[in-house]
Amino acid sequence: MTTTGDPAAKPARPGKQRAPQRPGDLIFSISAKAAGVLILVILAAVALFLIVQAWPAIQLDSAELAEEVHWIGEAQSLLDYVGPLVFGTILAALIALIIATPIAIGVALFISHYAPRRLATSFAYVIDLLAAIPSVVYGLWGGLWLMPKLYPVFDWLATNLGFIPIFEGPAADPPRTILTAGIVLAVMILPIITAVSREVFLQTPTLHEEAALALGATRWEMIRMTVLPFARSGVISAAMLGLGRALGETMAVAMVLSPGLLYSFLILRPGQQQNIAANIALKFPESSGVGINVLIFTGLVLFVITLVVNMLARWIVSRRAEFSGAN
């Protein structure tokens, strides 16, 4: 028997009612899902294209490859040819990252926490404009203006620090070396890392900064204790974005680097290293048949390297999730 007049009786829980879905919500949901699926389809299509086009070169042995492609030696397999290109690509990108990341973090901190508002706005605008400059312009700047300025520096390094293997000389004039290419790449990726880091630094909770200052911390101590830990994952993401551009850069490297196919850490000597993208740009006009398939295979290797770098960045960021702005 049920009592209807008891005020202590709990009312029956209504069934779960779904909010009415408006046409605009449905269209937006379908569009967002379609965009996400489209990105995966395009990525898979690019990978499939590269694999199919590279397969004729993959299935050839060393002798057949040397007969079909004139720039590959008789004793070289496909991996022997690609290996030094991978080494040069990673070396140039790492040099650029080592140079650009500390500078970008310093510039981003200056804009976000030190510069007056008007100066910070103008400075940030100029930094963002650097990202819009075409790579061929950076290549011309590096080849015509930067290299003559770098030769005295490289000569000093070879003379005074030549006992360190990477600085072993003599320095060449003009210095068409991997270090020159790395410096040009560092200038190219500097605005990317700076812009992302700046926005992450600005997202630091104001209460955290004020609390550190109220406890007697100096400006630098406040940044070290609150801003940098909070922005760590964002800075890593910014650095990986810059690394991705440095890995795939073509014209700037082709215009300042004297290419070679060696596993060499000699960064002051020309004719030692080459990166994949510049090699494709230089070799493609004279290639035909299997030569094109070889270049596409090197493009497939670059695609895999870039994918691995992005996956690694995502893994690093996920391990630092406690410092993200979402938390």
Side-chain angles (χ1 to χ4, degrees), residues 85-112 123-147 149-150 153 175-202 228 231-257 267 273-281 299 301-317:
L85 294 175
V86 174
F87 175 83
T89 301
I90 295 175
L91 180 61
L94 287 179
I95 291 173
L97 196 66
I98 291 171
I99 296 173
T101 302
I103 299 175
I105 293 174
V107 172
L109 285 173
F110 173 75
I111 294 173
S112 61
F123 204 56
Y125 181 71
V126 172
I127 294 294
D128 292 340
L129 278 180
L130 290 176
I133 299 176
S135 60
V136 67
V137 175
Y138 281 109
L140 289 171
W141 168 76
L144 299 178
W145 185 86
L146 183 63
M147 280 199 295
K149 307 294 182 184
L150 288 178
V153 179
R176 303 180 65 88
T177 66
I178 195 72
L179 182 56
T180 304
I183 293 172
V184 174
L185 289 176
V187 176
M188 296 179 66
I189 67 176
L190 184 64
I192 298 174
I193 303 176
T194 301
V196 177
S197 300
R198 180 188 72 230
E199 296 302 320
V200 174
F201 291 154
L202 290 172
L228 294 180
R232 192 172 306 172
S233 62
V235 171
I236 293 172
S237 300
M240 290 302 176
L241 283 175
L243 179 61
R245 180 173 185 185
L247 287 171
E249 185 49 50
T250 306
M251 290 310 300
V253 176
M255 296 173 73
V256 302
L257 178 63
I267 61 177
Q273 307 92 356
Q274 174 66 302
N275 82 339
I276 294 175
N279 182 72
I280 294 174
V301 173
L302 181 59
F303 177 84
V304 173
I305 292 174
T306 306
L307 189 64
V308 170
V309 167
N310 282 279
M311 292 174 62
L312 178 62
R314 192 66 214 164
W315 177 73
I316 293 174
V317 171

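Residues take their numbers from the sequence shown, with the count starting at 1.
Sequence neighbours left out, not one pair with a member in residues 89-100 passes salt bridge (Lys or Arg N to Asp or Glu O under 4.0 Å). Listed by first then second residue, pairs satisfying side chain to side chain donor-acceptor pair (under 3.5 Å) with a partner in residues 179-191 read T177-T180, not counting sequence neighbours. Applying the salt bridge (Lys or Arg N to Asp or Glu O under 4.0 Å) test to pairs two or more places apart or on separate chains, those with a residue in residues 178-201 are D128-R198.
Here CG of L190 is found 6.0 Å from CD1 of I127. Values are rounded to the nearest 0.5 Å. Put simply, CG on N275 and CG on L302 are 8.0 Å apart, with the number rounded to the nearest 0.5 Å. For the atom pair CE of M240 and OG1 of T306, the computed distance is 12.5 Å after rounding to the nearest 0.5 Å. Summarising the geometry, atom CG belonging to L243 is positioned 12.5 Å from atom CD1 belonging to I236; distances are rounded to the nearest 0.5 Å. In this structure, the separation between CG on L247 and CD1 on I305 is 7.0 Å, given to the nearest 0.5 Å. In this structure, the separation between CD on Q274 and CG on L257 is 5.5 Å, given to the nearest 0.5 Å.
When V256, L146, I133, L185 are each tested for a side chain to side chain contact (heavy atoms under 4.5 Å, CB included) with Y138, only one passes: I133.
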For residues 88-102, run the donor-acceptor check on the side chains, cut-off 3.5 Å, and write out each pair with its distance to 0.1 Å, sequence neighbours left out.
from, atom 1, to, atom 2, distance (Å)
T89, OG1, L85, O, 2.7
T89, OG1, I276, N, 2.8
T101, OG1, L97, O, 2.8

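Two residues are said to be in side-chain contact when any heavy atoms from C-beta on lie closer than 4.5 Å; V187 and V184 fail this criterion.
Considering only residues two or more places apart in sequence or on other chains, F123 meets the ring pair (Phe, Tyr, Trp, His ring centres under 6.0 Å) condition with F110. The side chain to side chain contact (heavy atoms under 4.5 Å, CB included) search around A238 returns I193, V196, S197, not counting sequence neighbours. R245 is linked by a salt bridge (charged side-chain N to carboxylate O under 4.0 Å, His left out) to E249, counting only residues two or more places apart in sequence or in another chain. Contacts of L307 classified as side chain to side chain contact (heavy atoms under 4.5 Å, CB included), with partners at least two apart in sequence or in another chain: M311.
Summarising the geometry of V200 relative to A231, their closest heavy-atom pair is CG1-CB, 3.2 Å, with the distance given to 0.1 Å. Shortest non-hydrogen contact noted between M188 and P191 is O-CD, 3.4 Å. Between L179 and I267, the closest heavy-atom pair is CB-O, 3.3 Å. The two residues V253 and A181 make their nearest non-hydrogen contact at CG1-CB, 4.4 Å. Contact detail for L150 and P175: the closest heavy-atom pair is CB-CG, 4.4 Å. When all heavy atoms of L202 and S112 are compared, the closest pair comes out as CD2-CB, 3.6 Å.
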